[in-house]
Engineer: 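Got a structure here, written out as structure tokens. Questions coming.
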Amino acid sequence: MATGTEPELNSGGVRTPTRAAIAAPHLRTDRWWLQPAATAAGLLAFIVYSTWRAFANTDYYAAPYVSPFYSPCLAENCEPMRAGPNWEIFGGWWGLSPALLILIFPLGFRLTCYYYRKAYYRGFWASPPACAVAEPHKKYTGETRFPLILQNIHRYFFYAAILVAGILTYDTVLAFRDEHYEWGHMGLGTLVFLVNIVLIWAYTLSCHSCRHIVGGQLKHFSKHPVRYRMWQWVGKLNARHMLLAWASLVSVALADFYVYLVASGAFDDPRLF
């Protein structure tokens with residue numbers, strides 16, 4: 001290294017003794033910031049919308065549809081849903097929106113998801129903002145300290161997500177009724193619920209934890225042909241984990257918004273038969 005070309009060093013970031021004496025923080029000339037910015041914008045939009053709907057505590061049920069944000073309803077202040085997911089486990093002392101009791105589980109599952117970690121680490125914390133672009137932080141501790149060490153409970157949120165997906169499947173079956181609870185009917189909302197539950201299951205089963213549970217710790221696939229086939233199937237879903245993460249995030253918001261429109265009287269659910 002030529003004398004006099006060394007930049008001034010500091011305690012961290014890209015100015016470290018092991019880095020080449022290049023004044024620029026990186027050599028990328030493309031618009032590398034577009035992807036993390038778009039990711040942050042998309043996640044922020046969902047956060048704002050879901051926060052509004054979670055605290056609204058209104059317009060979440062229009063027979064036979066119940067918003068996925070409010071299912072199952074675990075308090076007495078829920079709207080009565082005939083044959084619906086009314087489980088008054090918390091009794092009458094809970095005065096806030098019942099959505100706050102159930103959203104912690106799908107929210108925890110997504111927050112600790114491997115893909116979403118990458119997405120919001122890059123989008124909100126610039127850790128790192130993009131490939132070949134160093135992060136601006138002076139220290140890197142990974143997920144070894146609080147609160148990020150809690151990311152390790154992702155598998156347990158996966159178990160909860162399976163239960164929630166099962167309940168949403170039940171809600172989708174109930175969507176084959178009309179407003180008078182008569183079976184054998186189908187509306188536009190039924191299609192919305194069907195698309196949503198398919199994407200919810202696809203995203204849940206594409207989880208890395210699911211792949212490990214199905215096929216992990218096997219020394220001989222030939223001795224476990226069923227688990228091996230399941231592992232291959234989950235692996236194909238896992239390859240599309242990012243796409244399914246975004247598709248299911250959009251679909252669950254659209255399903256809630258559809259119920260909101262119908263329940264608020266802004267839109268009449270078209271009946272297909």
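Note that these values count all heavy atoms, side chains included, but never hydrogens, waters or copies made by symmetry.
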Engineer: Between Arg240 (side chain) and Ser206 (backbone), is there a donor-acceptor pair under 3.5 Å?
Structural biologist: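 Not a single qualifying donor-acceptor pair exists.
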Engineer: Please report the C-alpha distance between Leu101 and Tyr70 in whole Å, then the side-chain angles of each, then the deciding distance to 0.1 Å, and finally whether the side chain to side chain contact (heavy atoms under 4.5 Å, CB included) criterion is met.
Structural biologist: CA-CA 9 Å; Leu101 295 172; Tyr70 286 80; over 6 Å; no
Engineer: Do side-chain atoms of Tyr120 reach the backbone of Leu111 as a donor and acceptor pair under 3.5 angstrom?
Structural biologist: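 Between the backbone of Leu111 and the side chain of Tyr120 there is a qualifying donor-acceptor contact (under 3.5 Å).
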Engineer: Counting N and O atoms only, with roles assigned by atom type, does the side chain of Asn86 sit under 3.5 Å from a partner on the main chain of Met81, one being a donor and the other an acceptor?
Structural biologist: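 The answer is yes, because a donor-acceptor pair under 3.5 Å joins these two groups.
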Engineer: Is it true that, when you exclude Met186 itself, more than 12 heavy atoms of the residues, nucleotides or ligands shown sit nearer than 6.0 Å to its CE?
Structural biologist: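 Buried by this count: over 12 neighbours within 6.0 Å.
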Engineer: With ring centroids as reference points, do Phe105 and Phe158 lie under 6.0 angstrom apart?
Structural biologist: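 Judged by ring-centre distance (under 6.0 Å), Phe105 and Phe158 do not meet the cut-off.
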Engineer: Would you say Arg110 and Pro106 make side-chain contact, with heavy atoms under 4.5 Å?
Structural biologist: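 Side-chain contact under 4.5 Å: no.
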Engineer: Can the ring centres of His185 and Phe273 be said to be less than 6.0 Å apart?
Structural biologist: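 No, too far apart.
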Engineer: Ring centroid separation for Phe157 and Phe109, is it under 6.0 angstrom?
Structural biologist: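 Ring centroids of Phe157 and Phe109 are no less than 6.0 Å from each other.
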Engineer: Are Trp52 and Ile47 connected, step by step, through hydrophobic side chains (Ile, Leu, Val, Met, Phe, Trp, Tyr) whose heavy atoms are closer than 4.5 Å?
Structural biologist: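 Different clusters.
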Engineer: Grouping I, L, V, M, F, W and Y whenever their side-chain heavy atoms are under 4.5 Å apart, do Val66 and Tyr181 come out in a common cluster?
Structural biologist: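 Result: yes, single cluster for both.
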Engineer: Does one side chain, of Asp256 or Tyr49, offer a donor that lies under 3.5 Å from an acceptor on the other?
Structural biologist: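 Their side chains do contain a donor-acceptor pair, which is all the 3.5 Å distance test asks for.
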Engineer: What orientation do Tyr228 and Phe221 show, parallel under 30°, tilted 30 to 60°, or perpendicular over 60°?
Structural biologist: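 Ring orientation of Tyr228 relative to Phe221: tilted.
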Engineer: Return yes when the gap between the SG atoms of Cys78 and Cys73 is under 2.5 Å; return no otherwise.
Structural biologist: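 In this structure, Cys78 and Cys73 share a disulfide.
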Engineer: Please check if the number of heavy atoms outside Arg229 that lie under 6.0 Å from its CZ is greater than 12.
Structural biologist: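 Result for CZ/Arg229: open.
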Engineer: Trp246 and Tyr115: side-chain donor and acceptor closer than 3.5 Å?
Structural biologist: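 Trp246 vs Tyr115: donor-acceptor pair found between side chains.
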Engineer: Side-chain contact test, heavy atoms from C-beta onward, threshold under 4.5 Å: evaluate it for Phe69 versus Ser50 and give yes or no.
Structural biologist: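 Counting from C-beta outward, Phe69 and Ser50 do come under 4.5 Å.
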Engineer: Parallel, tilted or perpendicular: which fits the ring planes of Trp125 and Tyr121, with parallel below 30° and perpendicular above 60°?
Structural biologist: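 Ring orientation, 0 to 90° scale: parallel.
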Engineer: Heavy atoms, side chains only, cut-off 4.5 Å: are His154 and Cys113 in contact?
Structural biologist: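 Yes, side chains in contact.
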Engineer: Which residues pass the side-chain contact (heavy atoms from CB on, under 4.5 Å) test with Leu96, sequence neighbours left out?
Structural biologist: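 For Leu96, the residues satisfying side-chain contact (heavy atoms from CB on, under 4.5 Å) (neighbours in sequence not counted) are Trp94, Leu100.
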Engineer: Pairing donors with acceptors under 3.5 angstrom, does anything connect the side chains of Ser248 and Trp201?
Structural biologist: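 There is no such pair between these side chains.
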Engineer: In terms of ring plane angle, is the pair Tyr65 and Tyr258 parallel, tilted or perpendicular, where the classes change at 30° and 60°?
Structural biologist: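 If you compare the ring of Tyr65 with that of Tyr258, the planes turn out perpendicular.
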Engineer: Measure the OG1-CG distance between Thr204 and Leu163 for me, rounded to the nearest 0.5 Å.
Structural biologist: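 Here the rounded value is 11.5 Å.
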Engineer: Please tell me if the side chains of Leu191 and Leu272 come closer than 4.5 Å, counting only heavy atoms from C-beta onward.
Structural biologist: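 When only atoms from C-beta onward are counted, Leu272 and Leu191 do touch, with a gap below 4.5 Å.
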Engineer: Would you say Asn152 has more than 12 foreign heavy atoms packed within less than 6.0 Å of its CG?
Structural biologist: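 Yes - once you tally the heavy atoms of other residues, nucleotides and ligands closer than 6.0 Å, there are more than 12.
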Engineer: Does the gap between the ring centers of His241 and Tyr203 come in under 6.0 Å?
Structural biologist: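 Yes; Tyr203 has its ring centre under 6.0 Å from that of His241.
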Engineer: Can you give me the closest heavy-atom contact between Ile213 and Arg227, atom names plus distance?
Structural biologist: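 Heavy-atom minimum between the residues: O-NH2, 3.3 Å.
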Engineer: Can you name the closest pair of heavy atoms from Phe176 and Thr172 and give their distance?
Structural biologist: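 Heavy-atom minimum between the residues: CD1-O, 3.5 Å.
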Engineer: Taking atom types as modelled, is there a side-chain donor on Arg53 or Ser97 under 3.5 Å from an acceptor on the other?
Structural biologist: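 No pair is found: no donor N or O on one side chain lies under 3.5 Å from an acceptor on the other.
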Engineer: Using a 4.5 Å cut-off on heavy atoms from C-beta on, say whether the side chain of Ile167 contacts that of Trp87.
Structural biologist: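 Trp87 reaches Ile167 side chain to side chain.
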Engineer: In terms of side-chain geometry, is the basic nitrogen of Arg122 or Glu135 positioned less than 4.0 Å from the acidic oxygen of its partner?
Structural biologist: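 No salt bridge links Arg122 with Glu135.
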Engineer: Should we say atom CD of Gln151 is surrounded by more than 12 heavy atoms from elsewhere, each under 6.0 Å from it?
Structural biologist: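 It does: Gln151 CD has more than 12 such atoms within range.
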Engineer: Would you mind listing every salt bridge (Lys or Arg N to Asp or Glu O under 4.0 Å) that reaches into residues 86-95, with sequence neighbours excluded?
Structural biologist: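 Found none.
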Engineer: Do side-chain atoms of Trp93 reach the backbone of Phe90 as a donor and acceptor pair under 3.5 angstrom?
Structural biologist: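 Judged by distance alone, yes, a pair lies under 3.5 Å.
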Engineer: For Leu148 and Glu143, which heavy atoms make the closest approach, and how far apart are they?
Structural biologist: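 What the structure gives for the nearest pair is O-CB, 3.7 Å.
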Engineer: Donor-acceptor pair, Ser71 side chain versus Ser67 backbone, under 3.5 Å?
Structural biologist: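 No.
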Engineer: Check whether any side-chain heavy atom of Leu199 sits under 4.5 Å from a side-chain heavy atom of Leu249, and report yes or no.
Structural biologist: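 Of all side-chain heavy-atom pairs linking Leu249 with Leu199, none is under 4.5 Å.
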Engineer: Which atoms form the tightest heavy-atom contact between Tyr61 and Ala263, and what is the distance?
Structural biologist: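 In this case the closest contact between Tyr61 and Ala263 is O-CB, 3.7 Å.
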Engineer: Taking the side chain as every heavy atom from C-beta outward, state whether Asn77 and Pro98 have any atom pair closer than 4.5 Å.
Structural biologist: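 Side chain of Asn77 against side chain of Pro98, heavy atoms only: contact under 4.5 Å found.
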Engineer: For a quick test of reading the model, state the closest non-hydrogen atom pair linking Gly108 to Thr112 and the distance between them.
Structural biologist: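 For Gly108 and Thr112, the tightest heavy-atom pair comes out as O-OG1, 2.8 Å.
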Engineer: Closer than 3.5 angstrom, by distance alone: can the side chain of Tyr60 be matched with the main-chain N or O of Glu79 as a donor-acceptor pair?
Structural biologist: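 Yes: the side chain of Tyr60 pairs with the backbone of Glu79.
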Engineer: Are Asp59 and Ser264 close enough that a side-chain donor and a side-chain acceptor fall under 3.5 Å?
Structural biologist: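 On atom types as modelled, these side chains do not qualify, holding no pair under 3.5 Å.
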Engineer: A side-chain contact here means heavy atoms from C-beta on lying under 4.5 Å apart; do Phe46 and Val252 qualify?
Structural biologist: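 Touching, per the 4.5 Å side-chain cut-off.
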